[in-house]
Amino acid sequence: MMENLTKEFIKVFEETSENTFFAPGRINLIGEHIDYNGGHVFPCAISYGTYGLTRKRSDRIVRLYSMNFSDQGIKEFSLDNLVFKESDDWANYPKGMISYLYDLDSSQATGFDMLIYGNIPNGAGLSSSASIELLTAVAIEKMWQIKPDRINLVKLGQKVENDFIGVNSGIMDQFAVGMGQSNHALLLDCDTLEYSVVPLELPHEKILIMNTNKRRELADSKYNARRSECNEALRELQKVIKIDTLSDLSVTDFEKYQGSLSRDILRQRVRHVVTENQRTLDAKEALEAGDLVVFGQLMNESHQSLKADYEVTGNELDTIVELVQNQEGVIGARMTGAGFGGCAIALVEDDSLDRVIDQVGQAYADKIGYEADFYIASVGDGAKEII
Ligand code: GLA
């Protein structure tokens with residue numbers, strides 16, 4: 001594949017590329033819709049992701065070309081005009097990152113050409129956007145000879161989403177994509193950004209990624225609506241208990257104070273956040289203790305909570321998760337990412353994998369009317385230069 005990318009670069013830009021970078025996608029094992037509520041998440045980087053080939057230019061022009069959007073041709077802009085432009089479409093993600101890094105340190109900034117190719121299904125909830133943001137960040141780090149802390153790049157990625165694109169997402173995706181480590185998951189406290197790296201030891205099991213192929217666009221999904229419901233609930237609870245985030249509430253606090261919330265919907269949302277935060281901590285312990293049965297149960301409970309209380313699953317995700325949960329050899333399953341379509345994950349015993357994919361694939365297509373895609377996740381490193 002690398003050879004094809006090198007050839008494509010020459011075809012598109014009529015020069016050879018100088019450097020090659022890769023940024024992964026991510027799955028979240030558990031801890032969903034928790035990052036923007038100040039609690040714990042448990043994601044890992046996967047070996048699917050985005051490749052970028054670059055060549056520095058001697059002028060101030062940036063030219064970007066994505067093989068995934070080849071019909072859109074080359075997107076071209078100047079370092080002197082790094083503003084969001086509707087017609088730049090996908091290129092606004094790298095453009096946002098370029099703009100913020102330029103503000104950070106432009107002393108050695110030059111224009112460049114970059115060819116991009118991603119093998120993460122896009123819009124599937126595996127963070128193709130965080131992947132392209134961090135890909136751009138590590139490429140620029142090299143080309144402009146700047147050395148910000150990795151965590152600053154992660155934060156700038158979130159700023160691209162929030163301020164440049166306009167999606168109120170949390171820090172989880174960029175964190176996993178930027179800080180991931182091969183064969184490890186990251187338990188991240190989204191309030192303090194303290195984290196621990198937990199070995200993902202699955203001696204006889206695999207993580208199966210199931211793409212419902214129901215597309216999901218964060219910008220027009222109910223994502224921002226869930227965020228504001230949580231803010232509303234937080235403001236109401238702060239009148240009766242001293243908390244900074246919803247995740248500061250323990251399950252017992254929730255029982256005690258839920259009566260002060262003005263609407264049932266808010267109670268449901270908070271119940272999800274509080275119980276999911278606890279499940280995430282429990283899941284980390286179960287994984288460390290090698291207790292995959294408990295881990296799997298927590299995954300199942302997480303899905304149920306996202307379905308009934310947080311209401312972000314939908315027919316396609318519920319169908320695929322229920323089908324897979326009913327298969328022998330499946331230890332647990334849940335949606336992953338924002339929801340409203342996109343992907344689910346399942347922990348499956350090696351011996352059962354082929355049968356599970358076959359039977360779930362067939363039953364899903366029968367029920368939904370189109371096919372799902374299946375991938376085995378291998379857990380890789382965060383964004384970096386590759387040779
Ligand atoms: C999206 C967002 C993340 C996180 C998840 C839900 O992936 O980008 O910040 O909120 O949804 O857990």
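Remember, it's 1-based here, ligands and their atoms both numbered in the order they're listed.
- Of all atoms in ligand 1, listed by their number and element, those nearer than 4.0 Å to a heavy atom of Arg26 are 7 (O).
- At least one N or O atom of Glu32, backbone or side chain, sits closer than 3.5 Å to an N or O atom of ligand 1.
- Using a 4.0 Å cut-off to heavy atoms of Met172, the atoms of ligand 1 that qualify are 4 (C), 5 (C), 12 (O).
- Between atom 7 (O) of ligand 1 and the options Val312, Thr336, Asp173, the minimum heavy-atom separation is to Asp173.
- Judged by distance alone, the side chain of Asp173 and the main-chain N or O of Ala130 form no donor-acceptor pair under 3.5 Å.
- Within ligand 1, the atoms closer than 4.0 Å to a non-hydrogen atom of Asp35 are 3 (C), 4 (C), 9 (O), 10 (O), numbered from 1 in the order shown.
- Remark: the backbone N or O of Gly39 is not paired with any side-chain donor or acceptor of Asp191 at under 3.5 angstrom.
- For the pair Asn28 and ligand 1, no heavy-atom separation below 4.0 Å is found.
- In this view, Ser305 and His272, Thr275, Arg279, Asp309 satisfy the side-chain contact (heavy atoms from CB on, under 4.5 Å) rule, not counting sequence neighbours.
- Donor-acceptor pairing under 3.5 Å is recorded for the side chains of Ser250 and Asp253.
- Remark: Lys159 is not positioned above the aromatic ring of Phe164, lacking an NZ or CZ atom under 6.0 angstrom from the ring centre and at most 45 degrees off the axis.
- Summarising the contacts of atom 10 (O) of ligand 1 with Tyr223, Tyr310, Phe340, the nearest heavy atom is found in Tyr223.
- For Tyr223 and Tyr36, the gap between ring centers is short of 6.0 Å.
- Less than 6.0 angstrom separates the ring centroid of Phe175 from the ring centroid of Tyr195.
- Of all atoms in ligand 1, listed by their number and element, those nearer than 4.0 Å to a heavy atom of Tyr36 are 10 (O).
- Residues that satisfy the ring pair (Phe, Tyr, Trp, His ring centres under 6.0 Å) test with Tyr257, not counting sequence neighbours, are absent from this structure.
- Using a non-hydrogen distance threshold of 4.0 Å, Arg226 does not register as a contact of ligand 1.
- Interface atoms of ligand 1 facing Gly337, defined by a heavy-atom separation under 4.0 Å, are 6 (C), 11 (O).
- For the pair Gly170 and ligand 1, the shortest N or O to N or O distance falls below 3.5 Å.
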